[in-house]
2 protein chains.
Amino acid sequence: MVNIRQVAKKAGVSVATVSRVLNHPDTVSPRTMEQVLETIKELRYTPNGLARSLALKKTSTIALLIPNILNPLYPQVAKGVEDVAHQKGYNVLLCNTEEKEHKERDYLEMLIEKRVDGLILTSSLLRKVDFDQIKEKQIPFVMIGKNEGNIEANRVFTDYILGGYLATQHLIEIGYTAIAHISGPKSQLASREKLQGYKKALQEANISLDERYIVEGDNEIEGGYLGVKKLLKLPEPPQAIFAANDLMAIGAIDAIKSEGLRIPEDVAIVGFDDIKISSLIEPKLTTISQPVYKMGLIAARLLFDCIENNLEEDDFQQNIFIQPKLMVRKSCGCEERVREIFN
Amino acid sequence: MVNIRQVAKKAGVSVATVSRVLNHPDTVSPRTMEQVLETIKELRYTPNGLARSLALKKTSTIALLIPNILNPLYPQVAKGVEDVAHQKGYNVLLCNTEEKEHKERDYLEMLIEKRVDGLILTSSLLRKVDFDQIKEKQIPFVMIGKNEGNIEANRVFTDYILGGYLATQHLIEIGYTAIAHISGPKSQLASREKLQGYKKALQEANISLDERYIVEGDNEIEGGYLGVKKLLKLPEPPQAIFAANDLMAIGAIDAIKSEGLRIPEDVAIVGFDDIKISSLIEPKLTTISQPVYKMGLIAARLLFDCIENNLEEDDFQQNIFIQPKLMVRKSCGCEERVREIFN
DNA sequence: TTGAAAGCGCTAACAC
DNA sequence: GTGTTAGCGCTTTCAA
């Protein structure tokens, strides 16, 4: 591939001049400018970004680590990040960690070697040592979602305790008392927080906790399906279920239907995430919404703030809190209940 | 950040030796090896991949261009690509082109500058000149899906004409004659091919084509919704609809329900893609399946073949054809019809 | 087995 | 305005 020297030679100028034409057009005479530009076109010269990055110590590349690209939540985050990155002239390296700590760490290593300008970590499983490494290498990073160990970092997150609380409380308000919870993997902080919110709501309403009503899922459709199958086998099956994410809620709905039961008449469901499909399935899913696309945007902007202003990590440490919101639709049986009350 | 020279100095060896330890461990004495490894750890040295890539003319990075990450089809492709890339020790740059030709071209430019080792293009809008550029720069690439102009390339694709044909033919077999089609943007080859398959099936069955039965959508849920609204206003609304993708089919179902009509009794629906959600909505969607995850895998493997064997583009030009498959579920009314026949 | 040194292609400080 | 040149951090050839 043709390089800057060949361009310089053919244009009858120095490499510095060619470089100037590309990077500081205003410092070069119109005449030379034109000449150089022309030979660039003639030779089909494409500057070598590696060399450029090496000299500049800047790659114009950031990385986005997500646990599972097949969960519709994350493409939304990715789009948010990508949108602002592209606008800023950056590329984004996509790393799908599959919720494997070692894979995430693997990636981290590769990314440091590649000298990415910044990192966005979602639902990270990394530990303090890993973050110490990132900080030592002075790589700006932003986290989406909280994680174990309460790492100091710029962070965009929603309060899952509150979310879990809101979901459960809504079911309680409607009038249910036998409320089950299909949680995500307990190994994840997010799952435990949602569970905590669930418990808090029950407690506040003086509903005693039945441990059999809490089943652990995998945050996938299948997990919701299996969870319901388990719950319905109980001597006293629940009247309502709070699923820790929409995917599991969808699986739950599928399972409930397969048992010949109706939603919400026989079993009410509330999900979490408000993925697009949730408002399109039958019955439309009542769920807790978190604006993930926006979270991606915000995280990326935060990251670029760090990158561009060369902020020390400790300077500004922002924790941006995103409020989860209850989206009332059909699956919770809210309407039926209201009708009942007013008739 | 600490560099190879500092490691060499502290370890009391030359930079060449440090480099050897990292890249050709077998050519170095155990003693030196150990020493170097130790100082590497001590100094927390992470090799600079940029410099390495510059010297090696190899970045261990490939790029994946997709039109719309929010369409569940593409995360599947991305996962396929990412899975094999990661296994090969490569990173993947994700580029969301939003079906904008200029954005795709923009990206291409950036990617060439970054000297990616290879490219995977899905549903590309690029033209011959762009591909000429890629070829001239000798960047291996694989295309997923056909595109305008019939570019010579390694390619993994499904026959959309056949897919459209299969979908329509199935509706005809069931007994429908008033069959509408909600197409994707006609500007896209894929949309036109599906339409072509639709027409072919009608023609074969001697059903005359009614142009009012063909409406153009946007491949999004909304497009399907709007399409149905338009179709149902016709003096003789269709009994069945073939939607060019599942997203539009889902929108269509929503619209049909909102009109108080039943599926498939009043209007039958067939989609295209078989995204995961299709088997979970009510009624379960009959659709044409293309194994996109596998297509991603295959495309990536093909790409790495080119990269690793340094194949000339013209050498081996593979066109891998993936068979679309009809998935019969509920939305087409197939069962009802069968029951009718046997009663 | 190891070291010296020439490149990889670019940027920017410095000199003219 | 423009050219010369010293890096940026690595790999690899060649010689020892």
Side-chain angles (χ1 to χ4, degrees), chain A residues 1-37 39-40 43-61 109-117 137-139, chain B residues 1-37 39-40 43-61 109-117 137-139:
Chain A
M1 236 186 264
V2 17
N3 62 27
I4 199 172
R5 212 164 337 142
Q6 300 170 32
V7 175
K9 193 170 170 191
K10 175 138 192 186
V13 298
S14 74
V15 293
T17 300
V18 178
S19 175
R20 282 195 197 98
V21 167
L22 261 17
N23 303 302
H24 311 285
D26 42 315
T27 71
V28 87
S29 87
R31 238 185 79 65
T32 354
M33 178 89 178
E34 196 185 341
Q35 270 172 30
V36 172
L37 247 26
T39 50
I40 284 182
L43 261 36
R44 305 241 174 82
Y45 167 63
T46 312
N48 185 321
L50 293 169
R52 186 163 205 275
S53 294
L54 186 58
L56 251 36
K57 293 175 175 304
K58 172 175 189 337
T59 53
S60 295
T61 302
E109 194 66 29
M110 296 174 81
L111 296 171
I112 296 178
E113 290 194 4
K114 293 237 160 102
R115 299 298 193 261
V116 293
D117 293 335
K137 306 271 187 204
Q138 316 236 47
I139 305 175
Chain B
M1 233 185 266
V2 17
N3 61 27
I4 199 172
R5 210 163 339 141
Q6 301 171 32
V7 175
K9 193 170 171 189
K10 176 140 192 184
V13 297
S14 73
V15 293
T17 300
V18 178
S19 175
R20 284 193 196 97
V21 167
L22 261 17
N23 303 300
H24 312 285
D26 44 314
T27 71
V28 87
S29 87
R31 238 186 78 65
T32 349
M33 179 89 178
E34 195 185 341
Q35 270 173 28
V36 172
L37 247 24
T39 48
I40 283 181
L43 261 34
R44 305 241 175 82
Y45 167 63
T46 313
N48 185 321
L50 293 170
R52 185 162 207 278
S53 294
L54 187 58
L56 252 34
K57 293 176 174 303
K58 173 177 189 335
T59 52
S60 297
T61 301
E109 195 66 28
M110 298 174 79
L111 296 171
I112 296 178
E113 290 193 4
K114 295 235 159 103
R115 299 297 192 258
V116 293
D117 292 335
K137 306 272 187 202
Q138 316 237 48
I139 305 174

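Every chain is numbered from 1, with letters handed out A, B, ... down the list of sequences. Hydrogens, waters and symmetry mates play no part in the numbers below; they use all other heavy atoms, side chains included.
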Is the phosphate of [N] approached by [X] (side-chain N or O, under 4.0 Å from OP1 or OP2)?
X	N	answer
A:Asn23	C:dT11	yes
A:His24	C:dA12	yes
A:Asn48	C:dG9	no

Quick one: are A:Pro47 and A:Arg52 in side-chain contact, heavy atoms under 4.5 Å?
no
A:Thr32 near the nucleic acid: base, sugar-phosphate alone, or nothing, with a heavy-atom cut-off under 4.0 Å?
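Here A:Thr32 touches the backbone only, sparing every base.
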Would you classify B:Thr17 as touching base, sugar-phosphate or nothing, given that sugar-phosphate means primed atoms plus P, OP1 and OP2, and contacts are heavy atoms under 4.0 Å?
sugar-phosphate
Taking the side chain of B:Ala16 as heavy atoms from C-beta outward, which of C:dA5, C:dT11, C:dT2 is closest to it?
C:dA5
Pair A:Lys114, A:Thr61: side-chain N/O donor-acceptor within cut-off below 3.5 Å
no
With no hydrogens and no angle check, just 3.5 Å: does a side-chain donor-acceptor pair link A:Lys137 and B:Thr46?
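B:Thr46 and A:Lys137 do have a side-chain donor-acceptor pair below 3.5 Å.
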Return the value, rounded to whole Å, for the distance between atom [atom1] of [X] and atom [atom2] of [N].
X	N	atom1	atom2	result
A:Arg5	C:dC8	CZ	P	6 Å
B:Lys57	C:dG7	NZ	P	13 Å
B:Lys9	C:dG3	NZ	C1'	17 Å
B:Ile112	C:dC10	CD1	P	14 Å
A:Ile4	C:dG7	CD1	P	18 Å
B:Glu34	C:dT2	CD	C1'	18 Å
B:Arg20	C:dT2	CZ	P	8 Å
B:Asp26	C:dT2	CG	P	12 Å

Minimum-distance pair of heavy atoms, taken over all atoms of B:Val7 and B:Ile40
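Nearest heavy atoms, B:Val7 then B:Ile40: CG1-CG1, 3.8 Å.
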Where the side chain of A:Thr39 meets the backbone of A:Ala11, is there a donor-acceptor pair that is under 3.5 Å apart?
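No, because the side chain of A:Thr39 does not come within donor-acceptor range (under 3.5 Å) of the backbone of A:Ala11.
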Side-chain donor or acceptor of A:Asp117 paired with backbone N/O of A:Lys58 under 3.5 Å
no
Boundaries of the DNA chain D segment in contact with chain A, non-hydrogen, under 4.0 Å
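Range of nucleotides touched by chain A: D:dG1 to D:dG9.
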Residue met sooner reading DNA chain C from 5', once B:Val15 and B:Ala51 are mapped to nucleotides:
B:Val15
Quick one: on DNA chain C, does B:Val13 or B:Ala55 contact a more 5' nucleotide (nearest heavy atom)?
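Mapping each residue to its closest nucleotide by heavy atoms, the 5'-most match is B:Val13.
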Decide yes or no on side-chain contact (heavy atoms from CB on, under 4.5 Å) for B:Leu22 and B:Ser19, but give the supporting numbers first.
CA-CA 5 Å; B:Leu22 261 17; B:Ser19 175; 5.9 Å; no
